[in-house]
Amino acid sequence: MIVLLLGSGGREHALAASLAKSPRLTRLIAAPGNPGIAEHAELRDVSVDDLDGIVALAKAEAVDLVVVGPEAPLVAGVVDRLADAGIKAFGPSKAAARLEGSKAFTKALCAEHGIPTAGFRHCRDAASAHAAVDAFGAPVVVKADGLAAGKGVVVAETLDDAHAAVDALFESDGAEAVVEEFMEGEEASLFALCDGTTALLFGDAQDHKRAYDGDEGPNTGGMGAYSPAPALSPALAEDAMARIVRPTLKAMAEAGDPFVGFLYAGLMLTSDGPKLVEYNTRFGDPEAQVVLPRLKDDLLDLLFAAVDGDLAARKPRFARETALAVVMAAKGYPGAYEKGSEIRGIAKAAARPGVTVYHAGTARDGDRLLAVGGRVLAVSAIGADAAEAQMNAYAAVDLIDWPEGFCRRDIGWRAAAQAEEG
């Protein structure tokens, strides 16, 4: 099978590494890819937002399946364009991708179908958003209604902070907001593999969104993650599948927009049970870098089954070990940061047992590896439990020579502490 993988981040590197293990794979092509993905795939210089170029590439290479990694081309309708050209693609249609592309769409769907989530107001102007903030009181959550690369959310502890977030959001023309009540609890991420009618549990994880140790600083796209999530017991995971994920899949199918792909449910584990924070319509990053290393089955086989509507008899299997990933980012991220600094020592780090260094914002300059993004690497390690995985990951991080980068030193602290106590 010839597979085309779209994307250039750490998630796509994890997908490439997993797809490369399949005996069904004959060629893996990636567009545009990155230096880590190049270890598994042939790279093509086609941007993920060049839908015409993607279709042309898939035709020219006689691709059997296109696997879409990031959210932007899904929301733009790349799966529809490929389908029109007679090319199979793994990922939701443009209509189904609204589950991520519009927070207001998802909230309305939850309200209509009784799916547990936070109370909310959809605000199309600043005045209504300010009124919603006052109605909910602090703390309160202010979200941009659209794609924001994991950074369009402000959890405001005070009304002043919330009103400032509203003002900042509506500085952009055409902005809309979703203002939500604050939910108490622990967050976890649940992943489902969907074929339009069947949703299979596909692992779980917990990530760390704040930039700095102790969950301080601004929200980011994710500074680290671990899988499985101790807080999300099998019973809670099944509860979330039964009351959140499967009703969503049913509602989308009934609306004529069946969802095919990875559905990522961000959950708040409240005293009333799991509630939906938001959906992503693709794998998470850095969650892919801890869930996929634990997968015991053939990923390519599962993706084909999803596209063909043939998941009903499947049950993905995962190793019992814990995987933990530490994201290394450029100093200044998620704000302004410099590009072009050199990274050394990756081979030494990756040589440690059970360690994989996933590339995100990297580029080659001859023999030098340069940092060209905000989140640059994800150092992922396997361990018997969270404490061992954490130890293995940071031992590898410490072998990487990149003075211009930084990372949190407390990824997985809660799970590691529980493992040591147990």
Y264 backbone acceptor or donor facing N280 side chain under 3.5 Å: no
Short side-chain donor-acceptor distance under 3.5 Å, T220 and R375: no
Flag side-chain contact, heavy atom, 4.5 Å: L303 against L193: yes
Closest contact, heavy atoms only, P70 versus V48: CG-CG1, 4.2 Å
From CD1 (I400) to NZ (K348), nearest 0.5 Å: 11.0 Å
Aromatic ring pairing H13/Y358, orientation class (parallel under 30°, perpendicular over 60°, tilted between): perpendicular
Under 3.5 Å: donor-acceptor pair, side chain of E404, backbone of A330: no
Derivation and outcome, salt bridge (Lys or Arg N to Asp or Glu O under 4.0 Å), residues E187 and K209: CA-CA 10 Å; E187 286 195 60; K209 288 292 187 189; over 6 Å; no
Min side-chain heavy-atom separation M183-K275 under 4.5 Å: yes
Atom pair OH (Y212) and CZ (R408), whose distance is rounded to the nearest 0.5 Å: 11.0 Å
Close side-chain approach of L51 and V55, heavy atoms under 4.5 Å: no
Within-4.5 Å side-chain heavy-atom neighbours: K143 and F120: no
Validation row: F182, M268 side chains within 4.5 angstrom (heavy atoms): no
Short side-chain to backbone donor-acceptor contact, K331 and P403, under 3.5 Å: yes
Lys/Arg-Asp/Glu bridge criterion (N-O < 4.0 Å) met for R44, E61: yes
Candidates D195, D301, T198 - the one meeting side chain to side chain contact (heavy atoms under 4.5 Å, CB included) with R314: D301
For the student: nearest non-hydrogen atoms of P23 and D298, plus distance: CD-OD2, 3.4 Å
No-hydrogen, no-angle side-chain donor-acceptor test under 3.5 Å, S102 and D145: yes
Non-hydrogen atoms of L190 and A240 that approach each other most closely: CD1-CB, 4.1 Å
Value rounded to 0.5 Å, distance of CD in E238 from CG in L232: 11.0 Å
Donor-acceptor contact below 3.5 Å, side chain R210 vs main chain G217: yes
Side chain to side chain donor-acceptor pair (under 3.5 Å) partners for D64, two or more places apart: none
Donor-acceptor side-chain pairing of D49 and S47 below 3.5 angstrom: yes
Contact check, side chains of D257 and R98, non-hydrogen atoms, under 4.5 Å: yes
S128 versus C123, closest heavy-atom pair with distance: OG-CB, 3.4 Å
Aromatic plane relationship, F318 with F202 - under 30° parallel, 30 to 60° tilted, over 60° perpendicular: perpendicular
Whether E287 side chain and D204 backbone form a donor-acceptor pair below 3.5 Å: no
Side-chain donor/acceptor of Y333 to backbone N/O of M328, under 3.5 Å: no
Spatial distance of atom CG (L269) from atom CG (L236) [nearest 0.5 Å]: 6.0 Å
Interatomic distance, I29 atom CD1 to L57 atom CG [nearest 0.5 angstrom]: 6.0 Å
Verdict with reasoning, E180 to K103, per salt bridge (Lys or Arg N to Asp or Glu O under 4.0 Å): CA-CA 11 Å; E180 296 182 1; K103 294 176 177 64; over 6 Å; no
Side chains of E388 and D385 in contact at under 4.5 Å (non-hydrogen atoms): yes
Any S18 side-chain heavy atom under 4.5 Å of L295 side chain: yes
Under-4.0 Å salt bridge between E12 and R282: no
Side chain T117, main chain L276, donor-acceptor under 3.5 Å: yes
More than 12 heavy atoms of other groups within 6.0 Å of E338 CD: no
N/O donor-acceptor pair under 3.5 Å between Q206 side chain and A229 backbone: no
Residue pairs fulfilling side chain to side chain donor-acceptor pair (under 3.5 Å) with at least one residue in residues 72-91, sequence neighbours excluded: D52-R81, K88-D308
Candidate list F191, Y279, F90, test ring pair (Phe, Tyr, Trp, His ring centres under 6.0 Å), partner F262, passing option: F90
Atom pair CZ/OG of R368 and S341 - distance to nearest 0.5 Å: 9.5 Å
V291 backbone acceptor or donor facing R294 side chain under 3.5 Å: no
N34 and T362 side chains, donor-acceptor separation under 3.5 Å: no
Over all atoms of both residues, closest heavy-atom pair of P316 and L200: CD-CD1, 3.8 Å
Given L5, L300, I2, the one that forms side chain to side chain contact (heavy atoms under 4.5 Å, CB included) with L28: L5
Check: Q289 main-chain N/O paired with S380 side-chain donor or acceptor under 3.5 Å: yes
